[in-house]
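Just so we're on the same page: letters track the sequence lines, and every chain starts at 1. Every value quoted in this text rests on a predicted model; they were computed, and no experiment measured them.
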2 protein chains.
Amino acid sequence: MVDILGTLSQEMDGLSRSEQRIAGIIFDDRPFAVNASIIELAARAEVSPPTVTRFCRRLGCQSFSEFKVRLAQSAFIGQRYEEPQSNATNVQEVVETILTRAQSVLHSLHDHLDMDAIDAAATAIAKADMVYAFGSGGNSSLFAGELQNRLFRLGLRTSSSNDHSMQLMTASTVSANDVVIGLSISGRNRELVRALDVASGYGAKVITISKPNSLVAETAATNIGIDLAEGVDVLRPSSARFAFLAAIDIVAHLVAIKRKDLAIEPLRRIKSQLVTHRDGDDSQPLGD
Amino acid sequence: MVDILGTLSQEMDGLSRSEQRIAGIIFDDRPFAVNASIIELAARAEVSPPTVTRFCRRLGCQSFSEFKVRLAQSAFIGQRYEEPQSNATNVQEVVETILTRAQSVLHSLHDHLDMDAIDAAATAIAKADMVYAFGSGGNSSLFAGELQNRLFRLGLRTSSSNDHSMQLMTASTVSANDVVIGLSISGRNRELVRALDVASGYGAKVITISKPNSLVAETAATNIGIDLAEGVDVLRPSSARFAFLAAIDIVAHLVAIKRKDLAIEPLRRIKSQLVTHRDGDDSQPLGD
DNA sequence: CGAATTTATGTAAATTATTTTCTTGTTGAT
DNA sequence: ATCAACAAGAAAATAATTTACATAAATTCG
């Protein structure tokens, strides 16, 4: 089930004037919208009740009350309606802007993710002899590290690198049952492309998480496509990272499921080491 | 707003037989209860609609629809953190579970984030002579790297370390206008605590992003508290990471605003280097 | 530019959901 | 056994929501 307010914020342009007025009230005063009857909501938006019904239908709900329930469940933060987005300067606004954008990114990921690619990637990784994760630059090298961080726990032999020369050399040593994962937001990292091509030439299965149809994506047997417009404000951190991390989470979780029996023991050992050598609290996440 | 399901389980004894039957259905099948009309719910509990109305009133709601909204809110919060675990084995479900949880984490961050701490942290960082970011373990070392990745772009001298010995040695070299940022999900990283204490002793301003009231948090002049219950399923990646990254994004963005004039030039230079040495596409995020 | 068509929206009627009122039945104390 | 007090349903009243239809606005196309 998808978050209704996430959907709403994406569909905004497709709405008519009256419908946008309704949406405005919903973003502006969620407590009111959640508790109001269709008549009250219609009155406040200065539209007729049937318009509200139509509005709900357009968002994929079968009735107004279904819409209300979904609205009540929504975890979407959303910004005050009037706010012109990017000149937010006070703390409250920055917090709202960044969290809302992160949520929107996750929401749109939900719509665009290629489930088959995800599944193919997880299947290949789960039975790999060795997994290599390659990425460079401020963001993608973080992703490569993260992939290693997730996969080694599942008892997979994993190595990550953000160094082009190492990637190239490593790629020359792979064998047929290995998986090489290439990460790139832009999809234009030519050094990475070279390394992936080499790995592919030596028979490794190449998986990428990158922009669809990009240079990097073209090198892969399976590409998990992530394509999100970045804002223009250079001061604003790129929220694509949330999408990449979520994609990595999803793949890693699926690998964990596919390797369930193999993964339990390494996880148990890691936990036991941490608990023994730290301070015996068993309830913490695995690794700080 | 009180949690209606909590209220319900407390009031259980005070309910009549019919009302308990209604309660039973609500506990048993919340998706049904949340979507059903009063007639459907009454039919399933084999009671009459007025009995359902009375039931809602007894729980402090003014009407059935108010009850339903409250139920939707509280049921969903439970549902979000509760494990739909073992049955989430197909790709679609895993994707939804992970994205929903990530979104919920961001939502709850929005509710709990201490704006004053955020602002104080950003102010201190923005005018620091040098910024050190310390974190260890699979997750927190990633955060430390991320913090460096964000801050160096703003023309701040920044260094990060995930090595306890280095942290300790580095902490011995700090001076009064430096800022040291400690990162820890659990708040129990004793080696980090030691390094932060040392840095603090030499006059640096210590900021932490960690669990409120934890050992790590106690060392700081300013702690940005993040406390999110982790699921119990060891196979599932910890979604606290999204909260930490979002917090880092927020702080970094505020620093960027506070340093606006100082930050533009380094950003321009980074971009120009990337564009010159890669392939002239100006529309990409800063760094792959 | 203006007719034709589509789309958006409101009004009023029909339907459905919910609550109120009233009645009956049940339980348990005296 | 009788009376209170409570529980719960039936039917009626009310309120909310949707449907069907009509009209106005916007858009397309000649």
Side-chain angles (χ1 to χ4, degrees), chain A residues 4 7-74 81, chain B residues 4 7-75:
Chain A
I4 192 87
T7 310
L8 177 54
S9 69
Q10 284 186 334
E11 302 273 302
M12 267 307 222
D13 339 323
L15 299 180
S16 72
R17 198 138 1 98
S18 304
E19 288 171 333
Q20 293 204 353
R21 227 160 38 235
I22 299 169
I25 286 166
I26 289 164
F27 279 119
D28 244 29
D29 191 350
R30 191 108 55 94
F32 168 81
V34 160
N35 292 303
S37 74
I38 197 172
I39 294 167
E40 293 165 326
L41 182 57
R44 181 140 162 202
E46 297 177 299
V47 301
S48 65
T51 302
V52 176
T53 299
R54 284 187 283 256
F55 169 86
C56 300
R57 298 258 163 85
R58 191 181 290 243
L59 291 168
C61 296
Q62 206 259 312
S63 68
F64 174 70
S65 58
E66 183 188 328
F67 171 77
K68 244 173 55 167
V69 165
R70 296 249 254 143
L71 186 62
Q73 294 178 330
S74 173
Y81 189 55
Chain B
I4 194 86
T7 313
L8 179 54
S9 52
Q10 282 179 337
E11 303 275 304
M12 264 310 220
D13 335 326
L15 299 179
S16 73
R17 197 136 7 96
S18 303
E19 288 171 333
Q20 294 204 351
R21 228 166 30 242
I22 299 169
I25 285 164
I26 288 163
F27 282 121
D28 253 29
D29 191 349
R30 280 184 302 211
F32 168 80
V34 156
N35 292 303
S37 73
I38 197 171
I39 293 168
E40 292 165 327
L41 182 57
R44 181 137 161 205
E46 297 178 298
V47 299
S48 65
T51 301
V52 177
T53 300
R54 285 187 283 257
F55 169 86
C56 299
R57 298 258 161 84
R58 190 180 292 242
L59 291 168
C61 296
Q62 207 260 312
S63 68
F64 174 69
S65 57
E66 185 189 326
F67 171 78
K68 237 171 62 166
V69 165
R70 296 247 255 142
L71 184 64
Q73 288 172 335
S74 111

K.L.:
Looking at B:E46, I'd like to know if its CD atom is crowded, meaning that more than 12 non-hydrogen atoms belonging to other residues, nucleotides or ligands lie closer than 6.0 Å.
P.N.:
no

K.L.:
How would you label the contact of B:V47 with the nucleic acid (heavy atoms, under 4.0 Å): base, sugar-phosphate, or nothing?
P.N.:
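Result for B:V47 = sugar-phosphate.
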
K.L.:
Looking for any heavy atom pair under 4.0 Å, which part of the strands does A:R17 touch: base, sugar-phosphate only, or nothing?
P.N.:
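The residue A:R17 makes sugar-phosphate contact but no base contact.
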
K.L.:
What is the distance from CD1 of A:I22 to P of C:dA8, rounded to the nearest Å?
P.N.:
13 Å

K.L.:
Hey, does A:E19 have a side-chain heavy atom less than 4.5 Å from the side chain of A:V52?
P.N.:
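Side chain of A:V52 against side chain of A:E19, heavy atoms only: no contact under 4.5 Å found.
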
K.L.:
Residues in side chain to side chain contact (heavy atoms under 4.5 Å, CB included) with B:S65, at least two apart?
P.N.:
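With neighbours one apart ignored, the set is B:S63.
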
K.L.:
Kindly indicate whether the side chain of A:Q73, heavy atoms from C-beta on, has any atom under 4.5 Å from the side chain of B:V34.
P.N.:
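They are in side-chain contact.
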
K.L.:
Are B:S48 and D:dA8 close enough that a side-chain N or O sits under 4.0 Å from OP1 or OP2?
P.N.:
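No, B:S48 has no side-chain N/O under 4.0 Å of OP1/OP2 on D:dA8.
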
K.L.:
Where along residues 36-46 of chain B does a heavy atom come under 4.0 Å from DNA chain D, residue by residue in number order?
P.N.:
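Hits under 4.0 Å, by residue number: B:E46.
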
K.L.:
Between C:dT19, C:dT9, C:dA12, spot the one nearest the side chain of A:P50, thanks.
P.N.:
C:dA12

K.L.:
Check the distance between D:dA25's P and A:E19's CD and give it to me in whole angstrom.
P.N.:
18 Å

K.L.:
Okay, side chain of B:K68, backbone of B:A36: is any donor-acceptor separation there less than 3.5 Å?
P.N.:
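Answer holds: yes.
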
K.L.:
If you compare all heavy atoms of A:S48 against all heavy atoms of A:A42, which two are closest, and at what distance to 0.1 Å?
P.N.:
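Nearest heavy atoms, A:S48 then A:A42: C-CB, 3.8 Å.
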
K.L.:
Look only at the side chain of B:R44 and the backbone of B:I25, and say whether a donor-acceptor pair between them is shorter than 3.5 Å.
P.N.:
no

K.L.:
Considering only heavy atoms, which members of residues 57-68 of chain B lie under 4.0 Å from some atom of DNA chain C?
P.N.:
B:R57, B:S63, B:F64

K.L.:
So which of A:I26, A:L59, A:L8 actually passes side-chain contact (heavy atoms from CB on, under 4.5 Å) with A:L71?
P.N.:
A:I26

K.L.:
Closest-nucleotide mapping onto DNA chain C: is A:R54 or B:R54 further toward the 5' terminus? I mean the 5' end.
P.N.:
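Checking each residue's closest nucleotide, the 5'-ward one belongs to A:R54.
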
K.L.:
Go through it in stages, so that I can follow the logic: the residues are B:F55 and B:F64, the test is ring-ring contact (aromatic ring centres under 6.0 Å, His included), and I'd like the CA-CA distance, side-chain angles, deciding distance and then a yes or no.
P.N.:
CA-CA 9 Å; B:F55 169 86; B:F64 174 69; 9.4 Å; no

K.L.:
Using OP1 and OP2 only, check whether a side-chain N or O of B:T53 sits under 4.0 Å from C:dT18.
P.N.:
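Result: no.
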
